[in-house]
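Computed from heavy atoms alone, side chains included, the values below leave out hydrogens, waters and symmetry copies. Proteins get letters first, then strands, A, B, ... in listed order; numbering begins at 1 in each.
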Amino acid sequence: MKDKLAAALIEAIEEAGFPRPEADPLDLVDLSRDRKFGDWSSNAAFHLAKAARKNPREVASKLAEGVSRRIGAEKAEIAGAGFLNLRLPRKAWHQELWRAYAQGDRVGHTETLAGRRVLLEFVSANPTGPLHVGHGRNAAIGDALGRALAEAGAEVRTEYYVNDVGGQMETLCASVAKALGVAEAKGMAQREDGEMYAGEYVDSLAEVLKGEPSMARRIDELRGADLPWPSFVDQVSPFLAGRMLEAIRHDLADFRVGFHSWFHESRLKAEGKIEGTIEKLKERGLAYENEGALWFRSTQFGDEKDRVLVRETGAPTYFASDAAYHALKAAGGWDALINIWGADHHGYIPRVRGALAALDADPRRLDVILVQMVSLLRDGQRVEMSKRKGTYVTLREILDEVGPDVARFFYLMREPSSHLDFDLDLARTQSEKNPVYYVQYAHARVASLMAHAGEKGLVLNEAEPRHLETLQLEEELELIRQATYFPWVVAGAARAREPHRIPFYLIELVRLFHQYYNLQRIVTEDRAASLGRLVLCRVFGTVVRRGLDLIGVSAPDKM
RNA sequence: GCGCCUGUAGCUCAAUUGGACAGAGCGUUGGCCUCCGGAGCCAAAGGUUCCCGGUUCAAAUCCGGGCAGGCGCACCA
């Protein structure tokens, strides 16, 4: 309904001779925040007032008739400084409910972003260790955003970028070598303990490596100095990366997160994309040599300093491959490249945008969502985490402790830009006070309600639009308004890249349902009225189930 | 020192991206099951939106200056 109102508003604006506002039409109208203002409110007059050089109330009064004629409003009035408040006949809401009912599982779908192609990259953790709680947040946000974008009509591809080559992989090899008791080898750079990866997984990687005959041979050769260190790294790191990636995929699968594609940095290397990118930058005079290294003039694109592309050693930096990777993505014809990064990478944005600009891509298409840090609270205490010491808490531990439903809901209970204190005690021991159960409970309640109705001989298939006419309580109408608003919550979350809006919406919606349920008996002797209420409950239940699905949380029929 | 993020009820967080009297959960206090699931509902109390200025019809939101916390400032990723 929101899209029809927005369209009607635009038509009325043109009819009245006002210039079309810059704002997206969908942002000009919303459900009224208070029912005394009617069903829908528009702030369009405020947007138009300046250009029209009229006061907002006057502008609103010129729009009122045109809008209400188009949407069949029962009442239109100007309020406050220039709000246009519209009230629709109840019949319109009954129709809206029936439409939602007929849509079934497609109830959240819109064509808001139809035709938009989005490449969404997230998690992209190095395969040098297991995923930790921070990656969990990134995964929860990225996966939910991907689903919301798709539900809003966009074409979405989710991608995991795998840094399976480079310095960090070599460090992993060194850490494993150390676990195997190889302290020194030909051509091996000495590392302090603090520069090594630590933790049980390093030891188990070492065990696995030993157990693989071809790998065990490499270890022996390394020990006997028959195999120089760089060759050892070349041969062993793909194996280690493969093993780590397997573990990462497994954790993600249990977290209900999947990707359309896994892009390996080694592929860029193998296909010569990195050299190609560097050459292009050189040709354009955007790369220069200094102190034995090759630098990218990122300062020309607003970065605070130039960045190294090729080290003094001749090895390209991570940034060089990232520039190549982003250039490749940009060449794919996507309307938006969304990256979800940990906030500690914020300083990285200008140079990547710079690389895109330098390589003929529009840097504005890169949309980076920075996810702030996660702190873990146990017994009210902050759990200290250190990757180097191997004392960080893994996503696996969270999953084992609270399960994917609670974990995903908690991760989405804050907007990405806020720091997250993940309270394990709240998530676990006070589980009955947990918002995720509050929402799931409502879904189970509807399921049980439907079963009860069936026992009484009430079958939803027999419901007809006329049965909805019995829905006259203000509580019923409010539930209709909010439940049928679901697709616009999803579209809003997708447009703003703010998937956290979905759980918040669900909590509010569920509250309305519980209130209504306590007030009004659903299944009564009045068959027509019961069917009307059951349709309302069915739509509500479907919205909850679809909403939970978008954030990767299950919707059980029994709890 | 510079950059990014954050600061809202006792606690954890929202607020349609500049909109109408700032809203929820937890916690506190007091109520509600003969009846479709009480993991629920109702009511009460709780606010200088960190502070000071500014911009305008309108500021929690934007700008400037402070204060506090987090994260960055590599030829690591």
Side-chain angles (χ1 to χ4, degrees), chain A residues 23 26-27 29-34 36-37 41 43 46-47 49-50 55-57 79-83 85 124-126 128 163 166-169 171 195 265 290-295 304-305 307-313 315-319 321-322 342-350 370-373 375 377 413-421 423 426 430-435 437-438 440-442 444-453 455-456 485 488-489 492 496 498 500-501 504-505 507-508 510-511 513-519 521-524 530 533-534 537 558-559:
Chain A
L26 286 175
D27 292 328
V29 60
D30 220 327
L31 282 181
S32 303
R33 59 179 306 161
D34 190 316
K36 76 184 180 207
F37 297 133
S41 297
N43 57 6
F46 297 114
H47 289 265
K50 194 174 270 179
N55 78 59
R57 284 191 69 97
F83 289 95
N85 291 332
S124 297
N126 295 343
T128 53
N163 297 123
Q168 297 299 318
M169 280 310 302
T171 300
E195 296 174 277
E265 186 184 358
N290 186 32
E291 295 176 354
L294 185 73
W295 299 71
E304 56 189 23
K305 54 176 287 196
R307 306 293 172 176
V308 172
L309 288 164
V310 182
R311 284 178 270 250
E312 214 172 339
T313 61
T317 58
Y318 170 81
F319 171 58
S321 34
D322 223 18
D344 52 344
H345 284 62
H346 78 265
Y348 205 73
I349 298 172
L370 291 175
V371 180
Q372 292 295 324
M373 301 292 122
S375 306
L377 299 179
M413 284 289 289
R414 269 142 204 83
E415 56 184 336
S417 61
S418 288
H419 299 250
L420 169 60
D421 282 331
D423 189 334
L426 186 73
Q430 299 193 324
S431 61
E432 74 283 355
K433 305 220 159 120
N434 204 310
Y437 296 113
Y438 182 69
Q440 287 180 321
Y441 180 70
R445 200 173 224 185
V446 171
S448 145
L449 194 52
M450 292 298 158
H452 174 78
E455 285 166 18
K456 298 281 181 185
Y485 192 69
W488 303 108
V489 173
E498 292 183 352
H500 72 278
R501 294 182 186 193
F504 280 102
Y505 162 79
I507 290 170
E508 296 300 322
V510 160
R511 173 171 304 114
F513 174 75
H514 284 313
Q515 288 168 353
Y516 173 55
Y517 181 90
N518 272 274
L519 174 88
R521 196 176 163 81
I522 308 300
V523 177
T524 64
S530 298
R533 287 188 292 259
L534 283 170
C537 291
K558 285 195 167 80
M559 297 176 66

- Message: Could you tell me how far rG64(B) sits from rA59(B) if I compare only their C1' atoms? Round to whole Å.
- Response: 15 Å

- Within the structure, does a side-chain N or O atom of Y438(A) lie under 4.0 Å from either OP1 or OP2 of rC41(B)? yes

- Message: Taking only the P atom of each, what is the distance from rC52(B) to rA60(B) in whole angstrom?
- Response: 13 Å

- Task: State whether a side-chain donor-acceptor pair under 3.5 Å links S321(A) with E265(A).
- Result: yes

- Do you see a donor-acceptor pair shorter than 3.5 Å between the side chains of T317(A) and R307(A)? no

- Item | Side-chain N,O (S417(A)) to OP1/OP2 (rU6(B)) below 4.0 Å | yes

- Task: Identify whether any heavy atom of S41(A) sits under 4.0 Å from a base atom; if not, whether one sits that close to sugar-phosphate; answer base, sugar-phosphate or nothing.
- Result: base

- So SG of C537(A) and OH of Y517(A): to nearest 0.5 Å the spacing works out to 9.0 Å

- Query: Is any side-chain N or O of R414(A) closer than 4.0 Å to OP1 or OP2 of rU6(B)?
  - Reply: no

- Message: With rounding to the closest Å, how many angstrom separate the P atoms on rC21(B) and rC2(B)?
- Response: 39 Å

- Message: Using a 4.0 Å heavy-atom cut-off, does N163(A) contact any base of the nucleic acid, only the sugar-phosphate backbone, or nothing at all?
- Response: sugar-phosphate

- Task: Calculate the interatomic distance between E291(A) atom CD and rA74(B) atom C1'; express it in whole Å.
- Result: 13 Å

- Task: Just call it for K456(A): base, sugar-phosphate, or nothing, with non-hydrogen atoms closer than 4.0 Å on any strand.
- Result: nothing

- Task: Starting from P on rC36(B), measure out to CZ on R445(A) and report it in whole angstrom.
- Result: 10 Å

- Below 4.0 angstrom from OP1 or OP2 of rA14(B), is there any side-chain N or O of S418(A)? yes

- Query: Taking O4'-C1'-N9-C4 for purines and O4'-C1'-N1-C2 for pyrimidines, is rC35(B) syn (within 90° of 0) or anti?
  - Reply: anti

- Task: Between rA9(B) and rA22(B), how far apart are the P atoms? Round to whole Å, please.
- Result: 14 Å

- Using a cut-off of 4.0 Å on non-hydrogen atoms, how would the nucleic acid contact of M413(A) be classed: base, sugar-phosphate, or nothing? sugar-phosphate

- Task: Could you work out the separation of rU56(B) and rU61(B) based on their P atoms and round it to a whole Å?
- Result: 16 Å

- Counting only side-chain N and O atoms of Q515(A), is one of them less than 4.0 Å from OP1 or OP2 of rC42(B)? yes

- Message: Using a 4.0 Å heavy-atom cut-off, does H500(A) contact any base of the nucleic acid, only the sugar-phosphate backbone, or nothing at all?
- Response: sugar-phosphate

- Message: Taking rG19(B) as the reference, what is the distance to rG38(B) when you measure between their P atoms (whole Å, please)?
- Response: 39 Å

- Task: Ignoring backbone atoms, establish whether R521(A) has a side-chain N or O less than 4.0 Å from OP1 or OP2 of rC36(B).
- Result: no

- Would you indicate what D322(A) reaches in the nucleic acid, counting non-hydrogen atoms under 4.0 angstrom: base, sugar-phosphate, or nothing? nothing

- What interatomic distance, in whole Å, is found between C1' of rA14(B) and the corresponding atom of rC26(B)? 15 Å

- Query: What nucleic acid atoms does R57(A) come within less than 4.0 Å of, heavy atoms only: base, sugar-phosphate, or nothing?
  - Reply: nothing

- Task: Using the P atom as the reference point in each nucleotide, state the distance between rG7(B) and rU16(B) in Å, no decimals.
- Result: 13 Å

